[in-house]
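Before any comments, here is the structure.
Chain letters run A, B, ... following the sequence lines, proteins first, then strands; residues in each count from 1.
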Amino acid sequence: MDIHVGSIPFKIKEAELKILFEQFGAVDSVKIIIDKITRQNKGFAFVSMPDDKEAYLAIDALNGTELKERKITVTRAGSRPNKKL
DNA sequence: TATGAGCGG
């Protein structure tokens with residue numbers, strides 16, 4: 001499952017995000033989105049996890065937590081989280 | 001080149 005991670009620090013690395021998500025389950029890959037104009041960190045990344053239940057677990061666990069002194073948001077990618085389930 | 005909500009190759 002693809003997970004959208006926002007409000008991440010610009011100085012973070014994909015390996016660090018992978019480690020954070022690996023604490024709650026297996027992580028397939030982590031990708032930080034880079035801006036096309038500035039070639040810099042856009043401020044959000046995507047995490048791919050093979051197991052969906054572990055993905056939801058990591059989302060619920062890492063969503064709203066602090067990372068590098070910065071608040072991060074973890075949600076399902078591909079489709080924005082709906083307020084009504 | 002650039003910065004802080006948003007969904008990428």
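Rounded to an integer number of Å, the gap from A:Met1 CE to B:dG8 P is 17 Å. When rounded to the nearest whole Å, the span between CD1 of A:Ile12 and C1' of B:dG4 equals 15 Å. Residue A:Phe46 contributes atom CZ, which lies 13 Å from atom P of B:dG6 at whole-angstrom precision. As a whole-Å value, the separation of A:Ile33 CD1 from B:dA5 C1' is 14 Å. Distance A:Asn63 CG to B:dG6 P: 14 Å, rounded to the nearest Å. Summarising the geometry, the separation between CD1 on A:Ile72 and P on B:dA5 is reported as 15 Å, rounded to the nearest angstrom. The distance between atom CD of A:Glu14 and atom P of B:dG9, rounded to the nearest whole Å, is 12 Å. The interatomic distance linking A:Lys42 (NZ) with B:dG4 (C1') rounds to 13 Å, in whole Å.
Among B:dG8, B:dG4, B:dG6, the nucleotide with an atom closest to any side-chain atom of A:Thr73 is B:dG6.
Looking at A:Lys31, its side chain comes within 3.5 Å of the base of B:dG9 through a donor and an acceptor atom.
Panel note: side chain A:Lys71, backbone A:Gly64; a donor-acceptor pair is recorded below 3.5 Å.
Considering every non-hydrogen atom in both A:Met49 and A:Val27, the closest pair reads CE-CG2, 4.2 Å. Of all the heavy atoms in A:Asp28 and A:Lys18, the pair that sits closest is O-NZ, 4.2 Å. The heavy-atom pair separating A:Ala55 from A:Met1 by the smallest distance is CB-SD, 3.5 Å.
The residue A:Ile32 sits apart from the nucleic acid: no heavy atom pair falls under 4.0 Å. If you check every strand for non-hydrogen atoms under 4.0 Å, A:Asp35 touches nothing.
For the atom pair A:Asp2 CG and A:Ser29 OG, the distance stands at 8.0 Å (nearest 0.5 Å).
Stacking of the aromatic ring of A:Phe44 onto the base of B:dG6 is not found under the criterion of centres within 5.5 Å and planes under 30°.
Listed pair A:Gln40 / B:dT1 fails the phosphate criterion, with no side-chain N or O lying under 4.0 Å from OP1 or OP2.
When each of A:Ser48 and A:Gly43 is assigned the nucleotide of DNA chain B with its nearest heavy atom, A:Gly43 is the one assigned upstream, toward the 5' end.
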